[in-house]
Amino acid sequence: MIDIHFHCLPGLDDGPSNWDEAVALCRAAAADGATRLIATPHVLRGEWINEDVDARDDLVLRLNTLLEGSPAILPGCEYLFSTEALALLDHGTAGPLIGLNRSRYLLVELPAEVSQASVEAAFHEFGVGGITPVIAHPERHPALRRSPERLARLVSRGARCQVTAGSLLGDFGERAADAADEFFRMGLVHFVASDAHSLGRRPPRLAAARERVRRAWGAEAEQGIFEANPAALLVSEPIPWTPPARAVRG
Ligand SMILES: [Fe+2]
């Protein structure tokens, strides 16, 4: 499996604080069935600036060396959306934002308080610039939980959605679990990722989430979400599986 959202670069954010923890976390993901992990440190989020892409690349290289290639660590980041988004987009590859595996897919976290109109306008410009935003864990976002049609509008404008594995397994409470189910019913879920941070607090649980998706939504959804879509993302291809909206849970 490919895990497209994973905090494994030590000392950059609220993920592992040292190399031993980073290696143990990545090995746990491999034991859970992940072969490739995209390192997505928080960028431009409060105290976590992490603007230096070269410094991040050095950590990816070092972690790959320590892991001897298994699992493979790929570059990426998790960008906290702000009013700077379009200015950052103008910086292109000279800026702090890189796509997942340097693809055209950019992992974007939406702040709790954000104007729908500003996100829609920015995502439109992202699309014009050839970038597809992947919205990180919308099921944990209060406004999107309250108003799923907001998420639907962003998806209709080209955004894609990543639900967090733990949300499907009840790790983030009933509201996140219910919202994830609602987004599945509405056909708004394109990826599931672990968003792993640590073995204790936020461990990688992709295999259990995959089983949950297969049982609840069928083998086709499972294959699309856990195999075909992340494989296409890695190489900047359009995702091959788009979920059907269902009036009644299958
Ligand atoms: Fe994250």
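Both counts, for ligands and for their atoms, begin at 1 and track the order of listing.
Checked by atom type and distance alone, the side chain of Asn101 never pairs as donor or acceptor with a backbone atom of Leu74 at under 3.5 Å.
The Fe ion (ligand 1) has no N, O or S atom of His197 closer than 2.8 Å. Taking backbone and side chain together, His42 holds no N, O or S atom under 2.8 Å from the Fe ion (ligand 1).
At a threshold of 4.0 Å, the pair Arg210-Glu227 counts as salt-bridged, since one of the basic side-chain nitrogens sits closer than that to a carboxylate oxygen. The pair Arg205-Asp171 meets the salt-bridge criterion, with a side-chain N (NZ, NE, NH1 or NH2) lying under 4.0 Å from an Asp/Glu carboxylate O.
The cluster map of Ile, Leu, Val, Met, Phe, Trp and Tyr, joined by side-chain heavy atoms under 4.5 Å apart, puts Ile131 and Leu154 in the same cluster.
When you scan the N, O or S atoms of Asp195 for the one nearest the Fe ion (ligand 1), you land on OD1. Taking the Fe ion (ligand 1) as reference, the nearest N/O/S atom within Glu78 carries the name OE1.
Figure legend: cation-pi geometry between Arg140 and Phe172, with NZ or CZ positioned under 6.0 Å from the six-membered ring centre and within 45° of its axis.
Here the angle centred on the Fe ion (ligand 1), running from NE2 of His5 over to NE2 of His7, is 100°, rounded to 10°.
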